[in-house]
Structure formats: C-alpha cells, structure tokens
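Chain letters run A, B, ... following the sequence lines, proteins first, then strands; residues in each count from 1. For clarity, every value in this text was computed on a predicted model and none was experimentally measured. Worth knowing before you read on, the calculation uses all heavy atoms, side chains too, and leaves out hydrogens, waters and symmetry mates.
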Amino acid sequence: MKRLSLKLLRQILGAAVFVAITLLLLDVSGYLHQHLSWLPKIQLIPALLAANFVIVGILAALTLLFGRIYCSVVCPLGIMQDLIARVGRRRKRNPYSYSRPLTWLRIAALVVFVVLTLLGLTAIAGLIAPYSTYGRIITHLFQPVWIGANNLLASGAEQVDSYAVSSADWVFYGWVPIAVTAATLLIIGYLAYRYGRTWCNTICPVGTTLGFLSRFSLLKVRIDDAKCITCGSCARNCKASCIDSKAHRIDYSRCVVCGNCIGHCSTKALYYGVKRKSPASQPEEKAADDKVDDAKRNFLVGTAMLAGVAMAQQAKKVDGGLAVIEKKVEPKRSTPLTPPGAISARNLQQHCTACQLCISECPNDVLRPSTDLSTLMQPVMSYEHGYCRPECNRCSQVCPTGAIRPIEAERKASLQIGHAVWVKKNCVAITDGVSCDNCARHCPTGAITLVKIDPDDESSPMVPAINTEVCIGCGACENLCPARPFSAIYVEGHEMHREI
Amino acid sequence: MSKHIERRDFLKIVGAGVATAAVAAVPGCKTVVDNDIEDEYENQKEPPKGKMTYRTCPTTGDKVSLLGYGMMRLPTTDGGSARGSDAPIDQEMVNRLVDYAIEHGVNYFDTSPAYCRGESEHATGIALSRHPRDSYFIATKLSNFDEATWSRQESIAMYENSFKELQVDHIDYYLLHGCGMGGMEAYKSRYEDNGMLDFCLEQRRLGRIRNLGFSYHGDIKVFDYLLSRHDEIHWDFVQIELNYLDWDYANEINERNTDARYLYAELLKRGIPAVIMEPLLGGRLASVPQYLVEKMRQRDPEASTASWAFRYAGTPEGVLTVLSGMTFMEHLKDNLLSYCPLRPVTKDEEEFLYDVARQIVNVELIPCNNCKYCMPCPYGVDIPAIFVHYNKVKNQGRLPLNAQSPEYAKLRREYLVGQDRAVPKLRQASHCIGCGQCKPHCPQNINIPAELRLIEKFAENLRKNV
C-alpha cells in the first residue's frame, strides 16, 4: 500500500482550502459566509492587522514545526500559482533550475510593505499582500462569470417554479479595479507560469517573513549526502528554485514544502523529517487542466445581451406602459462613506488590504472599491443601487482584518456614519409639484419630517426637514428618492462614526 | 332541545345579572377610594376567582367550565412548548398551571395519547392526581395518529394505557380522534372495521366512559355520516373547529374545511353540545395584522386580540367548553379573564368580528384586475404587477404570515424571490412616492398608494425578520 505522501497531503489540503475560499469570494447566495468566513481570518496579514495574535502565534508555530506549509496549503494565491505553474511545465521534463536568492529585493519589498502599512497606506501595501490579491482576482475577474452562471440557473429555476436559486446583480464600478487586478494577475501569472514560486520568494511579504522562520523549522526536506548522486533532478523540478544540488544545500527560506523534489529523486536521497529515514514513494502527477478561457466570458456577455433584449420586448408588450427610469448618478461626497463597524475612515484605511470580500458579500450593492489612490480598492459606500439595510451586518462579519469590526444590527441602528443633506433644486415636491414622502416614510430613525416650505402658505409644498443629530446615514432616503439622476437628498459621510 | 332553551334563559339571567352588577358599580366608581382604583387595575391583569362561566352537559349534567385546558402545548424545560421543542416537559410548570387553572374554576382538561410526543397524558395525570377526582373532568382520545395502533388489540391497549397514565378509573369525555382525516375510508378502518366504536359504546354502558364523542377534521362526509347515526349512537358531545374566521370562511383557510356555521347548526339541531377547538385558529387570530389590532383596541382598548376570539367562541349557547392549548401563565390568565365571567359577544360585536374576518381573508386580496389604466406611473412603479404578485401568493395561501410556522423560512424566501422576479426592484412598492396621480384612473376605486404601502410594509417586515 502506498503511504500518504507529503505531496499528496499538501494537494488535498491545499485543494480544500482553495476551493472553499474561492467559493466564499464568489458566493452570491449569502449562505457560505456563515460557514466559511473564518478562512480569511486565518490568513497571516489579516490576522496581524486584526491584532489576532492567537492566529499569528499558531501560524508561526506551524512554520517553526513544518516549514512554510502556510504557503502551500493556506494561502490561496500560493495554491493558485501552483496550479498555473503546473500548466506552465506541462511536457517539460526539467522546467526549473536553481537560482540564488534575491535577498535584497525580498527585504526591500518587505520594508516597503511594512512602511506603507505603518503610514496608513494599507491599500497600496495590500497590492502585494497575497490573500487580498487573490480576493481581488476572484471578485473582479471571476465573480462576473459566476454571477452570469448563477443568473442563468436562476432563470432556469424560475421556469420550473423553484426558489432555490435567486438572481443577483452585477454592478460595474469602472475599469480601475479590473485593470489593476488584471495587471497583477498577468504579472503573477506569468512568473508562476515560467518560474514557479518566484513571486512568493521575491515580492510576497508573507513569504519573506515566514522565510525567516522556516530556516529554523524542525521538519525540513533534507538531502542524504550518502545517497545523493548530484544528478540535479530535484533542483530542476523545484518550483521555488531553492535546491542547490551541486552544493547539496537547500535554501529553506524559500522552500514551501511542496514535496515535488522527493518524488523526483531517483536514489531516494531526499526526505522530509528530522532525522534520516527512508523516504516515501511518490505518485507521478497528472497534468492539470486549468484553462481560463475567454469563451466563458463571451458567453456571459452574450447572455447579458440576450437578457437585455428580452427585457425590452417585455416592456413593449405592456399596455399601460412603464415610465423609463433614469439611472442614478453617484453624488460628490466631500467625505466618503464607510460602513458601520469601520469605526472611522482612518481605521478602515489603516487596516483594510482590499481583499474585496465585503464588497462581494454586500447584498445591497452598497459597497464598492474605491478608485482614490490612498484608499485604492478599499470599500466605500454609495446608495445608487440600494441602501445599508437595517438588518444586515454581513460586511462586519466577514472582514478578516478588523477594518470593519463585528457590529450587531441593533447597535448599527444607532450608529451614525453620515448625515442626510437636502438638495432643494432636485426635490420633486418643487420640480414636479407633487406630494412625496418617500424619504420621510423610509427613514428608520424618524430623522426626516415633512414641513411646509412656506409656513404661512397652507398650499405650499411639503419638503423634508432633517434632524441630522438623529440621522444615521443609512441612505434609505437617498436610494428611494424619486429624483433622478441626482437624488434630492443624499448622505454626506463622517470621518468618525458615533453613537447617537 | 328544551335543555338548551333553559340554558339560554339561564344565560340571559346571568347576563342581566352581570349587567346589573356593572350598572350598580358605576355610582361606586364616582366616589372612588384609592383601593378601588388598585382593584380595578388588578382586575385588568389578575383573573378573579369564583367567576368562571359554566355550561351543563345535557347527558350527564356535568357543570363544565367554559375554558377547557388543552394539554397539547405543555411547557418544556427549555422555555418552549412541547409542540416546537424536543426538550422534556416541565412538570413543575405544568403542575403550577393546572393548580392555577383549577383554582380559577377550570375543570375540563383535554389530552390525547399522541400529544407532546406521547408525554401529555402522563404529565396531565401527575398534575391532576394531586387534586380530588371530582374536581375535574378528563377528556382523552382514541388516537388515529399512528397507523400501527389501528388494530383492535393495539387500540384497546392504548385505551387501557390512558387510564394508567391519567391515574383514573373512569374517563369523563372520550373521543374518537380526528374523524374525517383521510376521508371515510380512514374513519371506517380506524374505528368501525376493528369494532372499536362498539367497544367504546360498551365501555360507556359500563361507566368507564362517561361521555362519548368525536373530534372532527377534514372530510365533511364523515361528519354527516356520524351525525346520521346519532339516534343509534347518542353522541354526548362533538369537538369541532370554531372561530370567527371559520364561521363563514373555513374554505378560504383550507379548501377541505367546512364552515363552522354549518357544523355548529348541525349539532344544535340534534342537541349535541359542541366542544370547541382552534378558537384562535392556531394563533392566527391572536396575531392579526397591525391595522386590525388597532381597530380592535379602538373598539375595546382593554381587551387583548385573543380575548375577542375567546369571547366569540364561548358565546353560542350550544358550546360546552372552549379548548385552549396554554403554554404560559400569561396565556392562561388572559383566557381566564375572557371567561370569568364570559361577556357574551353582542350582535354588534359579532358583526364587527365578521368584518375583521373579511379583512383577514378578503380585503388583503386587492381587487385589481390588471387593466393597467393606472399606468404608466410617472415614477416608474409597476402598480398592477405588484398587486398581481401579491394576490397570486395570497390566493395560493402561501403568504408567510406566521413566523413560528415551520414553513415560514421557505415561504419567506418564496415571497421575496418571487417578488423580485415579478417586479424589478426599481419598480417595486418602495418607490411609490404617494403622489396619488394613479388614483382617479382606477375603475376599481383602489386606494393604490395605501395598498402599495401595506404591501411594502409586509415585504419590509419579511426582510427584517432574518
């Protein structure tokens, strides 16, 4: 019977984590976060930012015991690179070779990362943080496809009167997030395709940090000098390029304990462990088939177009007709809105690595990536598509870094994140001369009352009077205001959230 | 027959007596001392002792309290009821509730071998055996819940076991349980083909069963059949579902149900006293829509929503007792207040309740026939689509109304997802600004903005009730 090899174990664990975390980031049903939101919380940088020292301690201990297994089974970006590398080395016999460590670059990248984080420019630093990079890739490049498939399924479900799948909206928030993410994926993807784990061993701050520890790990991949014939097969199959076969040395700061070398050694000179021991046999890997093809994307676009045509026809059939609804346009807010639980704009900015999980989870399409440089791709709020509903606190539940701290729905109901502002020239009570109470009616805190604009004139229009002390900034008024494209009432953000 | 008339007269006298007492109390009120105010305050929440209204069973002359204790929702140790929880029954609490009930005049206790996962009879036996046997009447049933117990042998074992669990040597009211469930065939094979009906009649002759009756659910043919055999069987009582919604709208609640008006009239015609179950229609009449609560409070500010339903169910003179499955002391107290003594529902109040029933059943159905005269709404709301969707769900009886129901989560999702499918979010009721431009166009005279608000509120509550 074959023993469970190091490589197989790594593949099983890695696949499980990878699939789970990917599904969590893709999910639009709202179910998975209840079970899987712990996964991002065990990622090193989020745990550090959240000051979750239990997790950090466990990860450090694991590394000191087993080496950089974190990079092989916990980090989704690492596992993704393994998958890409696998495609890259298809049919090549000896794809890699030993290279000397670029220590200066590693240290420099780590220093830049730390300094940027300390300066509060976490969003920029986060561009090279592994988990959040992966979060962006999934959210911006793959979730649209996922939503397309989901909606196809939902319309199928509708045909057969099933309510198991409901459709979700995909909102386009501009090209910046997509472009930045695509560029990162291109760079990391190319490096992984050609050189394996180069990104992890030169740029990634987590790789460098864990590399300091893994030099001293208890268990390591070791070379039995007596058996080694210096054939170099291990070095040429090491995606971390860390085996100097001529010198019979392994650079443990770069070894991610993938176990590939062990299987490639014909004399069984390599083993993983403390002391000399007979190494496990290895099954040969099959080539993976992980193409990401454009066909899917084209298919999605096609489906979306079809849906659009169907909508237009439906509208035409209606006798009474439907008024055209103009799209809402985001107002210019002098202070951006941050979600309840963020405590303050500064706290969010300092802690968020922009993994996009909150944005992906937001069921009301309120959260979206910022395009401002200092908060690049960190979440900001706006109310064109929905408002921050009173019963929802999902972003605060899933945030792994403490940028949005857990907050109960009850507390959220009395937490002021901004205040409403009335824009007279847009109000339909004045422009259309109709009576309207939509802002007042939907205000959850009763901060809006309607008053006669001219107290002396009985017939003058009723307009909203806002008690900004009671307003919590949820945006129900802004979202449901009939004035389009600019609402006649909008929410101005507060830098510090406060209890009312 | 004559007994009924006597009782009616008796009630009139009692009623008049109560009225006189009330009138007599008025002058006293004017010269109030603090004590009286406190008493009055107390009376609003604490039921008085010795004031229970009783009805007489014509065959045995039992004086039965108008409030009957249903032992099917006994409290459990985890603070819930045995209907919804798997925790063991809280015997201490059961004892307390039973003691309090008896203290306040309740003497009819209705259980079944099937209730509370089969634990109800046992718990009831423990609680009641602490009181003198002549201070209470026990009702239990030959249950039809488990087909494995339908053989003669198993049925007799079930019957005998009831005596053991309840710690008694005679049962005051014995019922064939759930006649009509599964139609005539199920009835025949459960109670006649195995000779159990004859067995029960024999036991009544022997005095181990003092009153024999049946509880009716479902197929009306079974009800009619059983009553057609009244001359030969002499039913002592029959248990039916009766409340102000079931009176005329049983059909709307469930297609197979028959209006209580018919059921009650059939019993009255034959002089058979009615034991009432579901006076609250499974709690639905205690949690009516908010605007109906307001209406009811407006009419009687001190009366709970449930008390209306209890007073209604207890008013007809052919009613022997009204069963309520009370889990908590608050339920018991509130129900006692309704019957200590009963203030019969007046003709006027009866009409008021039928109006409430119509609103619960009908008026929630919006009389929109999708003519689209109201369209286009200048603010983009798809008015008829919203009404059509709501009516559709309502018609299917799939509105998620009761958050306690096990179906609730499913119905809630169905409603919310279905609503988004039927009407795009931007055209839903939340976007109605109430300008009223649609109103004059509606040939059905629907107050469109008001209806849209009700629908929006309904959906909004569903969303919040995560």
Which portion of [X] sits near chain B, non-hydrogen atoms under 4.5 angstrom:
| X | value |
| --- | --- |
| A:V428 | side chain |
| A:D161 | neither |
| A:S155 | neither |
| A:A429 | neither |

Looking at [X], I'd like to know if its [atom1] atom is crowded, meaning that more than 12 non-hydrogen atoms belonging to other residues, nucleotides or ligands lie closer than 6.0 Å.
| X | atom1 | value |
| --- | --- | --- |
| B:K333 | NZ | yes |
| A:Y31 | OH | no |
| A:Q34 | CD | yes |

Is any side-chain heavy atom of [X] closer than 4.5 Å to a side-chain heavy atom of [Y]?
| X | Y | result |
| --- | --- | --- |
| A:R389 | B:E460 | yes |
| B:Y379 | A:N438 | no |
| B:H431 | A:I325 | no |

Drop me the distance from [X]'s [atom1] to [Y]'s [atom2], to the nearest 0.5 angstrom.
| X | Y | atom1 | atom2 | answer |
| --- | --- | --- | --- | --- |
| B:D420 | A:Y163 | CG | OH | 11.5 Å |
| A:K327 | B:L426 | NZ | CG | 10.0 Å |
| B:I433 | A:S435 | CD1 | OG | 6.5 Å |

For residues B:R421 and A:A157, report the shortest heavy-atom separation together with the two atoms involved.
-> NH2-CB, 4.0 Å
Name, in order of residue number, those residues of residues 443-454 of chain A that have a heavy atom at a distance of less than 4.5 Å from a heavy atom in chain B; otherwise write 'none'.
-> none
Audit row: B:R453, A:D437, salt bridge (Lys or Arg N to Asp or Glu O under 4.0 Å) steps and yes/no = CA-CA 12 Å; B:R453 274 158 173 65; A:D437 65 351; 2.8 Å; yes
Interface check, chain A: of B:G436, B:C435, B:S430, most non-hydrogen pairs under 4.5 Å belong to B:S430
Identify which of B:P384, B:A385, B:P378, B:C432 forms the greatest number of heavy-atom pairs closer than 4.5 Å to chain A.
-> B:C432
Give, as side chain, backbone, both or neither, the part of B:K425 having an atom under 4.5 angstrom from any heavy atom of chain A.
-> side chain
Most heavy-atom pairs under 4.5 angstrom with chain B, which of A:A323, A:A164, A:P482, A:S162?
-> A:A323
Would you mind telling me which of A:V324, A:V434, A:D169 has the largest number of heavy-atom pairs within less than 4.5 Å of chain B?
-> A:V434
